Asks: 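The structure's right below; bear with me while I get my questions together.
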Amino acid sequence: MKDFYLEILHVDKNCGARYGILHTPHGDVEVPMFMPVGTLATVKTLSPEEVKSLGAGVILSNTYHLHLRPGEDIVAKAGGLHKFMNYDGPILTDSGGFQVFSLAENRKISEEGVVFKSHLNGDRMLFSPETVMDIEEKLGADIIMAFDECIPYPVDEKYVKNSVERTLRWAKRCKEAHKREGQALFGIVQGGEYEEHRKHCAEELAKMDFPGYSIGGTSIGEPKDVFSKMVDYSVKYLPPEKPRYLMGVGSLDFIFEGIEKGVDMFDCVLPTRIARHGALMTSKGRVNIRDAKYKEDFTPLDDECDCYTCKNYTKAYLRHLYVADETFGKRLLSMHNIRFLIHMMEEARKAIKEDRFLEFKEEMLAKYGSKKGF
RNA sequence: GGAGGAAUAGCGAAGUGGCCAAACGCGGCUGACUGUAAAUCAGUUCCUUCGGGUUCGGUAGUUCAAAUCUACCUUCCUCCA
């Protein structure tokens with residue numbers, strides 16, 4: 001696919017971190033990058049222009065949720081997701097594989113696919129590699145995910161083995177079913193914490209020759225050392241020239257861990273979700289803006305931050321908006337958290353180009369306090 | 001002037017003899033959130049040196065035991081003159 005490829009421009013001499021440009025039908029974006037999540041065709045509370053102004057390239061959306069509401073046919077009629085949501089940058093749709101995990105009580109897995117009971121009205125519907133490809137083609141994102149099973153952690157090895165084999169068969173079916181031009185279909189590496197299964201999964205996917213590969217099944221409650229292994233065991237066996245996407249990772253220390261190992265793309269609901277709940281990522285560590293100590297704090301949320309929120313508003317005001325449950329507060333806080341992560345990515349890219357990513361990582365984690373949870 | 005009714009933790013409001021330091025809601029305080037069923041969820045909210053102490057308008061009683069029963073007082077509400 002000539003309009004989608006990763007151009008690797010530099011690999012850090014001291015680790016696996018790499019800098020490059022991902023070419024997509026809706027524009028070029030630099031990697032490593034963080035992609036804000038807009039599950040329902042909107043990054044909650046923000047306009048596409050705002051998301052773009054924060055430095056975001058790719059926006060994520062979700063097959064399961066858009067299938068339920070408004071339905072892929074309506075999106076297609078609207079002219080596709082880009083037009084529908086008025087975003088002309090690259091869009092990535094997740095396949096619903098994560099919902100196999102997050103909505104586990106409402107679904108049943110079989111070889112054919114997954115029957116979900118809609119969380120909205122109880123409708124039963126089959127998500128199979130074929131139906132998911134059909135939906136994702138109609139949505140029309142630039143990057144689409146194969147339908148996989150995101151398995152929980154911890155889970156016994158036998159389950160992992162069976163699930164990986166099935167995810168691989170599904171990946172093959174996705175590849176065969178996917179026909180639309182101008183869409184990059186990514187295969188997803190699963191395998192839990194087991195090197196044997198991650199390796200097998202990555203190698204088999206590589207044989208199928210996807211334009212990019214995702215690493216799934218992480219950041220679901222496993223300890224950091226386990227997370228690290230999961231990423232290692234996956235990246236190691238993936239073709240270096242293809243983009244690597246570590247799914248659902250949004251805390252700074254986990255992202256840096258991924259970059260160091262050679263991951264290019266990250267997405268996470270974390271910055272936007274915790275922002276709506278009053279938690280902020282700042283250069284002083286984590287801030288809960290609701291806390292009483294900010295009642296009369298007329299300084300910016302983060303004096304090192306260049307975002308609209310930090311340039312124009314005080315903690316006392318942001319706290320007031322939060323406490324008063326004003327929507328504007330959630331918007332300002334969401335902007336800040338997204339900008340914080342994207343700014344970190346910009347700095348990380350600079351560091352990689354200068355072969356000092358490892359120092360940069362240590363410096364940032366010491367400063368931002370990786371123990372504080374982001 | 002007369003007749004009823006009501007007073008419970010910051011607020012609202014249950015409780016009408018022991019299982020009551022007192023349900024629940026709000027407000028306050030705090031924490032969590034990782035391919036979004038999340039503008040959500042959880043904890044905490046009389047004092048304490050964690051042994052205990054002091055509470056349910058006030059005072060005095062009844063009782064082994066009172067927020068709960070009795071008497072009086074105070075305040076408030078409604079109705080009648």
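All values reported here derive from a predicted model rather than from experimental measurement.
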Asks: Any strand is fair game: report the nucleotide pairing with B/U36 by Watson-Crick or G-U wobble, both distances under 3.5 Å, or none.
Replies: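 B/U36 is unpaired by these criteria.
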Asks: If you look at every strand shown and take non-hydrogen atoms under 4.0 Å, does A/Gly221 touch a base, only sugar-phosphate, or nothing?
Replies: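 Touches nothing.
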Asks: Give me the distance, rounded to whole Å, that separates B/C69 from B/G15 when you measure between the P atoms they each carry.
Replies: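 To the nearest whole Å, 12 Å.
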Asks: What is the distance, to the nearest angstrom, from the CZ atom on A/Phe147 to the P atom on B/G35?
Replies: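 My rounded result for the distance is 17 Å.
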Asks: Between A/His10 and A/Tyr19, does the ring centroid distance fall short of 6.0 Å?
Replies: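 Distance test on ring centres: not under 6.0 Å, no.
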Asks: Rounded to whole Å, how long is the line connecting atom NZ of A/Lys293 with atom P of B/C29?
Replies: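 To the nearest whole Å, that distance equals 13 Å.
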Asks: What's the closest nucleotide to the A/Val249 side chain, out of B/C29, B/C33, B/U34?
Replies: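 From the listed options, B/U34 comes nearest.
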Asks: Check A/Lys361 with A/Asp253, please: is the shortest side-chain N to carboxylate O separation under 4.0 Å?
Replies: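 The answer is no: the pair does not qualify as a salt bridge.
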Asks: If you restrict it to nitrogen or oxygen atoms, what contacts under 3.5 Å exist between nucleotides 25-27 of chain B and the protein, and what is each distance?
Replies:
none

Asks: Between A/Tyr368 and A/Phe340, is a ring-ring contact (aromatic ring centres under 6.0 Å, His included) present by the stated rule, with each step listed?
Replies: CA-CA 11 Å; A/Tyr368 295 106; A/Phe340 178 86; 5.2 Å; yes
Asks: Apply the syn/anti split at 90° from 0 to B/G51 and say which one it is.
Replies: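 Base orientation: syn.
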Asks: Please give the nucleotide sitting opposite B/A22 as a Watson-Crick or G-U wobble pair, both distances under 3.5 Å, or none.
Replies: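 Because no pair has both required distances under 3.5 Å, B/A22 counts as unpaired.
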Asks: Does A/Lys117 reach a base, just sugar-phosphate, or nothing at all? Heavy atoms under 4.0 Å.
Replies: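 Nothing: the residue A/Lys117, judged by heavy atoms under 4.0 Å, touches no strand.
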Asks: Applying ring pair (Phe, Tyr, Trp, His ring centres under 6.0 Å), can you list everything that pairs with A/Phe127, at least two apart in sequence or on another chain?
Replies: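 If we apply the ring pair (Phe, Tyr, Trp, His ring centres under 6.0 Å) test to A/Phe127, skipping adjacent residues, the hits are A/Tyr64, A/His67, A/Phe116.
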Asks: How far, in whole Å, is B/U74 from B/A81 if one measures between their C1' atoms?
Replies: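 Their C1' atoms lie roughly 25 Å apart.
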Asks: Using both distances under 3.5 Å as the test, list the Watson-Crick or G-U wobble partner of B/U78, or none.
Replies: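 Check on B/U78: paired to B/A3, both distances under 3.5 Å.
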Asks: If the C1' atom of B/G43 is compared with that of B/C33, how far apart are they to the nearest Å?
Replies: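 The answer is 15 Å between these two C1' atoms.
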Asks: Rounded to whole angstrom units, what separation is found between the CE atom of A/Met281 and the P atom of B/U34?
Replies: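 Interatomic distance, CE of A/Met281 to P of B/U34: 11 Å.
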Asks: Tell me the interatomic distance from A/Glu222, atom CD, to B/U34, atom P, rounded to whole angstroms.
Replies: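 Taking atom P of B/U34 as the reference, CD of A/Glu222 is at 11 Å.
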Asks: Can you tell me if A/Ser163 and A/Glu149 form a side-chain donor-acceptor pair at under 3.5 Å?
Replies: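 Short answer, yes.
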Asks: Does A/Lys224 make a cation-pi contact with A/Phe254 (under 6.0 Å, within 45 degrees of the axis)?
Replies: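 Here A/Lys224 fails the 6.0 Å and 45° test against A/Phe254.
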Asks: Using whole Å, what does the distance between atom C1' of nucleotide B/U34 and atom CD of A/Glu257 come to?
Replies: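 Distance, rounded to whole Å: 15 Å.
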Asks: Considering only the P atoms, how many Å lie between B/G27 and B/C72, rounded to the nearest integer?
Replies: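 That atom pair is separated by 42 Å.
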Asks: Within the 4.0 Å limit for protein heavy atoms, which parts of nucleotides 36-42 of chain B are touched? Write it as a string from 5' to 3', B for base, S for sugar-phosphate only, - for none.
Replies: BBBBB--
Asks: Starting the side chain at C-beta, find the nucleotide from B/C33, B/G35, B/U30 nearest to A/Gln190.
Replies: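 My answer, after comparing the listed nucleotides, is B/G35.
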Asks: Could you tell me how far B/U68 sits from B/A21 if I compare only their C1' atoms? Round to whole Å.
Replies: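 It works out to 16 Å between them.
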Asks: Scan every strand shown for a Watson-Crick or G-U wobble partner of B/C29, both distances under 3.5 Å, and answer none if you come up empty.
Replies: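 The answer is B/G43, by the H-bond criterion.
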Asks: What residues from residues 123-136 of chain A pass a heavy-atom cutoff of under 4.0 Å to RNA chain B?
Replies: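 Correct list: empty, so none.
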Asks: Could you state the CG-P distance from A/Asp148 to B/G35, rounded to the nearest angstrom?
Replies: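 These atoms are roughly 14 Å apart.
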Asks: Do A/Glu165 and A/His200 get their side chains close enough for a donor-acceptor pair, meaning under 3.5 Å?
Replies: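 Side-chain D/A pair, A/Glu165 to A/His200: present.
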Asks: Please tell me which of the listed nucleotides, B/U34, B/G35, B/C29, lies nearest to the side chain of A/Leu270?
Replies: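 Among the listed nucleotides, the one closest to the side chain of A/Leu270 is B/U34.
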Asks: Angle class for the A/Phe210/A/Tyr213 ring planes (parallel below 30°, perpendicular above 60°, tilted otherwise)?
Replies: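 The rings of A/Phe210 and A/Tyr213 stand perpendicular, inter-plane angle above 60°.
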Asks: Does A/Lys199 count as lying over the ring of A/Tyr237, i.e. NZ or CZ under 6.0 Å from the six-ring centre, within 45 degrees of the axis?
Replies: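 Checked: cation-pi criterion met.
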Asks: Taking B/C80 as the reference, what is the distance to B/A13 when you measure between their C1' atoms (whole Å, please)?
Replies: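 That atom pair is separated by 31 Å.
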Asks: Parallel, tilted or perpendicular for A/Tyr313 and A/Tyr317, by the 30°/60° rule?
Replies: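 Correct class here is parallel.
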Asks: Can you check the A/Met33 CE to B/G35 C1' distance for me, whole Å?
Replies: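 Those two atoms, CE and C1', are 14 Å apart.
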Asks: For RNA chain B, find the residues of residues 307-320 of chain A with a heavy-atom distance under 4.0 Å and give them by number; none if there aren't any.
Replies: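 Result for residues 307-320 of chain A: A/Arg319, sorted by number.
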Asks: What is the separation between atom CZ on A/Arg286 and atom C1' on B/U34, rounded to the nearest whole Å?
Replies: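 About 11 Å, once rounded to whole Å.
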Asks: Looking only at side chains, do A/Thr167 and A/Asp148 share a donor and an acceptor under 3.5 Å apart?
Replies: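 Judged by distance alone, the side chains do not pair up.
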Asks: If we call it a pair only when both distances are under 3.5 Å in a Watson-Crick or G-U wobble match, what pairs with B/U62?
Replies: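 When the pairing criteria are applied, nothing turns out to pair with B/U62, so the answer is none.
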Asks: Between A/Glu176 and A/Lys172, is there a side-chain N and carboxylate O pair less than 4.0 Å apart?
Replies: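 A/Lys172 and A/Glu176: salt-bridged.
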Asks: If we take the C1' atom in both B/U44 and B/G35, what is their distance in whole Å?
Replies: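 It comes out at 34 Å once rounded to the nearest Å.
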Asks: Can you name the nearest heavy-atom pair linking A/Gly248 to A/Cys268, along with the distance?
Replies: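 Closest approach of A/Gly248 to A/Cys268, heavy atoms only: O-SG, 3.7 Å.
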Asks: Between A/His82 and A/Asp88, does any side-chain donor sit less than 3.5 Å from a side-chain acceptor?
Replies: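 Side-chain D/A pair, A/His82 to A/Asp88: absent.
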Asks: How far, in whole Å, is B/G58 from B/A7 if one measures between their C1' atoms?
Replies: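 Taking atom C1' in both B/A7 and B/G58, they lie 11 Å apart.
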Asks: Looking only at side chains, do A/His178 and A/Glu136 share a donor and an acceptor under 3.5 Å apart?
Replies: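 The answer is no; no qualifying pair exists.
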Asks: Mind checking what makes side chain to side chain donor-acceptor pair (under 3.5 Å) contact with A/Asp134, not counting sequence neighbours?
Replies: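 Result, side chain to side chain donor-acceptor pair (under 3.5 Å) vs A/Asp134: A/Lys138.
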